[in-house]
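Only one structure is covered here, and it is reproduced in the block below.
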Amino acid sequence: MAASSRGFAAQLDFRPEFALPRRSGKLALELGKRARRRGARAEGLADRAGASRIGCCCSDSAVPARRAAAAAAAAGKGAEKSDDWRFESKMISPTPVMPFASPQSHFVSKQEKFYPRCTPRNSGPQSRDTPPKRDTGIANEKDWGINLLNENVNETGTNEDGSTWYRESGEDLGDNGYKCRWTRMGGRSHDGSSEWKETWWEKSDWSGYKELGVEKSGKNAEGDSWWETWNEVLYQDEWSNLARIERSAQKQAKSGTENAGWHEKWWEKYDAKGWTEKGAHKYGRLNEQSWWEKWGEHYDGRGSVLKWTDKWAETELGTKWGDKWEEKFFAGIGSRQGETWHVSQTGERWSRTWGEEHFGNGKVHKYGKSTTGESWDIVVDEETYYEAEPHYGWADVVGDSTQLLSIKPCDRPPGVYPNLDFGSAASPPPDNSQDPPAAPL
């Protein structure tokens, strides 16, 4: 195989980086920093410094450190095991770190060699299909470059090396002014071992519903395959009568030579009064290791915010580990809590739980405990920091959705009124993908 499995890992961005970060006793500070930065990383942003904020950055957490010497003396063997799973600021993996190839792999060159074969010099479509990358969130519409043809087209062709291509476009009409313009294109090598497909569409009807979307897939001669879909929707909410914009993306890739693959589902929802919801579900596997991640953010537009994250991983030998946290705030008052845990190959469990209560008066109650006997319960003077508004909100998504907003529905005849069946009009396409497996604990 010209493309090694290591090459596949590099090109498909399949890196098992889920070895969870180990935190020191300063749990609240690290969690706060991670909570503030995670959303920005998911959107591809450098920082959330410009976002709307309440309060100021917290000082170092006053949660006591592990008191390692005393705990070790008192807990004996249990403390030693706890030390093995000490959550320091550096990355610690419970299993040996696997080598990975550099991004310069044979897989890249094989793909680059294939694309020209699907690109006739004059009339054929040029494939832009490449494996999706992990942790890149939801792209803006301008990144896709969707350009629907204005006329019906049905073309095919064969290149000099025997590879073939096709391109077709059309328009579908339906009840209530429904209109769907679409373009499909693709190509394959002469022996069928390599193939790519891509579909673009825009939909609209008289209720004001508009949708823009893309679906693409491909495979190569080594058996590696990938699939990706993206869409954004504008509609009027049935209950609030407010305009809403929703964006979503799903991505997956699978190795053809080893037990490796990953899947991600991302979504964002916005309305004109600041209500915002964002989230993602992720799953990955590389041979004997599997990992999962779920996170969500919810802003009600009136100052209330909920954020949460849940990560876990396991090996075929039975070792499992995870980390989760949640925060809720409104008007400077709220709470944070979380847990970090590990289950050994023999089934022995270790965990540490922690929490914070923010009273809005400069006082914070911090508490926690672990299965190795450590504990703390204190009240400290500390300012409260959290984000009451999303760093990317309604105004941002409207500014980035010009192509969606410019979709023109069918002309409505005089005296004909739209059927305002918001429930059916606003429903996204059916999701036939499988959710990541449930948590192991």
Practice task
State whether the side chain of Lys251 and the backbone N or O of Gly137 hold a donor-acceptor pair below 3.5 Å, judged by distance alone.
Solution key: yes
Handout entry: Carboxylate-amine/guanidinium contact Asp271 Lys273, below 4.0 Å
Key = no
Exercise for the section: Decide yes or no for Lys294 and Trp308: does some side-chain heavy atom of the first lie under 4.5 Å from some side-chain heavy atom of the second? Expected result: yes
Exercise for the section: Please report the C-alpha distance between Trp291 and Tyr283 in whole Å, then the side-chain angles of each, then the deciding distance to 0.1 Å, and finally whether the side-chain contact (heavy atoms from CB on, under 4.5 Å) criterion is met. Expected result: CA-CA 6 Å; Trp291 61 96; Tyr283 165 74; over 6 Å; no
Exercise for the section: Kindly indicate whether the side chain of Thr372, heavy atoms from C-beta on, has any atom under 4.5 Å from the side chain of Trp350. Expected result: yes
Problem - Arg184 NZ/CZ over Trp182 ring centroid, <6.0 Å and within 45° of normal - result: yes
Practice task
Tell me, yes or no, whether the heavy-atom count around Lys369 atom NZ, taken from other residues, nucleotides or ligands under 6.0 Å, exceeds 12.
Solution key: no
Exercise for the section: Evaluate whether atom CG of Asp175 has more than 12 neighbouring non-hydrogen atoms of other residues, nucleotides or ligands under 6.0 angstrom away. Expected result: no
Practice task
Quick one: sort the Tyr209 and Tyr235 rings into parallel, tilted or perpendicular, breaks at 30° and 60°.
Solution key: tilted
Exercise for the section: Please lay out, stage by stage, how Ile378 and His365 fare under the test side-chain contact (heavy atoms from CB on, under 4.5 Å). Expected result: CA-CA 6 Å; Ile378 59 176; His365 175 211; over 6 Å; no
Practice task
Scan side-chain atoms only and decide if His391 and Asp396 contain a donor-acceptor pair under the 3.5 Å cut-off.
Solution key: no
Problem - Distance-only donor-acceptor check, side chains Trp230 and Glu215, under 3.5 Å - result: no
Problem - Under 3.5 Å donor-acceptor, Ser401 side chain and Val398 backbone - result: no
Fill in the blank from the handout: Heavy-atom nearest pair, Trp341 first then Asp323, reads NE1-N, 4.1 Å
Handout entry: Expected output: side-chain Asn140 to main-chain Lys142 donor-acceptor under 3.5 Å
Key = no
Exercise for the section: Would you check if His342 and Glu348 make a side-chain contact, meaning some heavy-atom pair closer than 4.5 Å? Expected result: no
Completion exercise
Minimal heavy-atom distance between Cys410 and Leu173, with the atoms involved, is SG-CD2, 3.9 Å
Problem - Separation of Ser169 OG from Trp200 CH2 (nearest 0.5 Å) - result: 10.5 Å
Problem - Note, His281 side chain near Glu264 side chain (heavy atom, < 4.5 Å) - result: no
Practice task
Would you mind checking if Lys278 and Glu297 are paired as a salt bridge, meaning a charged N to carboxylate O distance below 4.0 Å?
Solution key: no
Exercise for the section: Please answer whether the main-chain N or O of Val397 pairs with a side-chain N or O of Asp400 as donor and acceptor at a distance below 3.5 Å. Expected result: no
Problem - Validation row: Leu234, Leu405 side chains within 4.5 angstrom (heavy atoms) - result: yes
Problem - Interatomic spacing from NZ in Lys265 to OG in Ser248 - rounded to 0.5 Å - result: 9.5 Å
Problem - Atom CZ of Arg412: over 12 foreign heavy atoms under 6.0 Å - result: yes
Problem - Side chain Glu141, main chain Thr402, donor-acceptor under 3.5 Å - result: yes
Handout entry: Cation-pi geometry met for Arg244 and Trp275 (6.0 Å, 45°)
Key = yes
Handout entry: Approximate separation, where rounding is to 0.5 Å, of Trp325 CH2 and Arg336 CZ
Key = 8.0 Å
Practice task
Find the distance between CG (Asn361) and CD (Glu383) and round it off to the nearest 0.5 Å.
Solution key: 11.5 Å
Problem - Expected output: side-chain Ser406 to main-chain Leu404 donor-acceptor under 3.5 Å - result: no
Exercise for the section: Taking ring pair (Phe, Tyr, Trp, His ring centres under 6.0 Å) as the test, write out the residues that go with Trp394, two or more places apart. Expected result: none
Handout entry: Salt-bridge present (Glu374, Arg352; N to O < 4.0 Å)
Key = yes
Handout entry: Reference residue Arg285; test salt bridge (charged side-chain N to carboxylate O under 4.0 Å, His left out); the match among Glu314, Glu316, Glu258
Key = Glu316
Completion exercise
Of all heavy-atom pairs linking Pro132 and Trp262, the shortest is O-CZ2, 3.4 Å
Exercise for the section: Starting from the C-alpha separation in whole Å, work towards a yes-or-no answer on side-chain contact (heavy atoms from CB on, under 4.5 Å) for Val380 and Lys366. Expected result: CA-CA 8 Å; Val380 299; Lys366 301 190 176 187; 4.0 Å; yes
Practice task
Salt-bridge test for Asp135 and Lys282: reply yes if a basic N is under 4.0 Å from a carboxylate O, no otherwise.
Solution key: yes
Practice task
Give a yes or no on whether a salt bridge exists between Glu232 and Lys210, defined as a side-chain N under 4.0 angstrom from a carboxylate O.
Solution key: no
Problem - Side-chain donor/acceptor of Glu268 to backbone N/O of Arg247, under 3.5 Å - result: no
Exercise for the section: Ignoring hydrogens and angles, state whether a donor on the side chain of Lys216 or Thr229 is under 3.5 Å from an acceptor on the partner side chain. Expected result: no
Exercise for the section: For the residue pair Asn176 and Ser207, confirm or rule out a side-chain donor-acceptor distance under 3.5 Å. Expected result: no
Problem - Side-chain touch Lys197/Glu195, heavy atoms, less than 4.5 angstrom - result: yes
Handout entry: Donor on one side chain, acceptor on other, Tyr270 and Glu277, under 3.5 Å
Key = no
Exercise for the section: Work out which heavy atom in Trp201 is nearest to a heavy atom in Cys180; give both atom names and the distance. Expected result: CB-SG, 4.3 Å
Practice task
Evaluate the side-chain proximity of Ser370 to Thr353: yes if any heavy-atom separation is below 4.5 Å, no if none is.
Solution key: no
Practice task
Say whether, by atom type as modelled, one donor and one acceptor occur between the side chain of Asp237 and the main chain of Ser240 under 3.5 angstrom.
Solution key: yes
Handout entry: Spatial distance of atom CD (Glu202) from atom CG (Leu212) [nearest 0.5 Å]
Key = 7.0 Å
Problem - Under 3.5 Å donor-acceptor, Thr371 side chain and Ser351 backbone - result: yes
Exercise for the section: Look up atom OH in Tyr367 and atom CG in Asp377, then write down how far apart they are to the nearest 0.5 Å. Expected result: 9.0 Å
Practice task
Determine, stepwise, if the pair Glu293 / Asp310 fulfils side-chain contact (heavy atoms from CB on, under 4.5 Å).
Solution key: CA-CA 6 Å; Glu293 179 181 356; Asp310 190 3; over 6 Å; no
Exercise for the section: With the side chain counted from C-beta on, respond yes when Leu148 and Ile146 share a heavy-atom pair under 4.5 Å apart, and no when they do not. Expected result: yes
Completion exercise
All heavy atoms of Gln345 vs all of Leu317, minimum pair found to be CG-O, 3.0 Å
Exercise for the section: Provide the closest heavy-atom pair for Gly177 versus Trp206 in the form atom of the first, atom of the second, distance. Expected result: CA-CE2, 3.3 Å
Practice task
Answer yes or no: is there an ion pair linking Glu357 with Lys363, defined by an N-O contact shorter than 4.0 Å?
Solution key: no
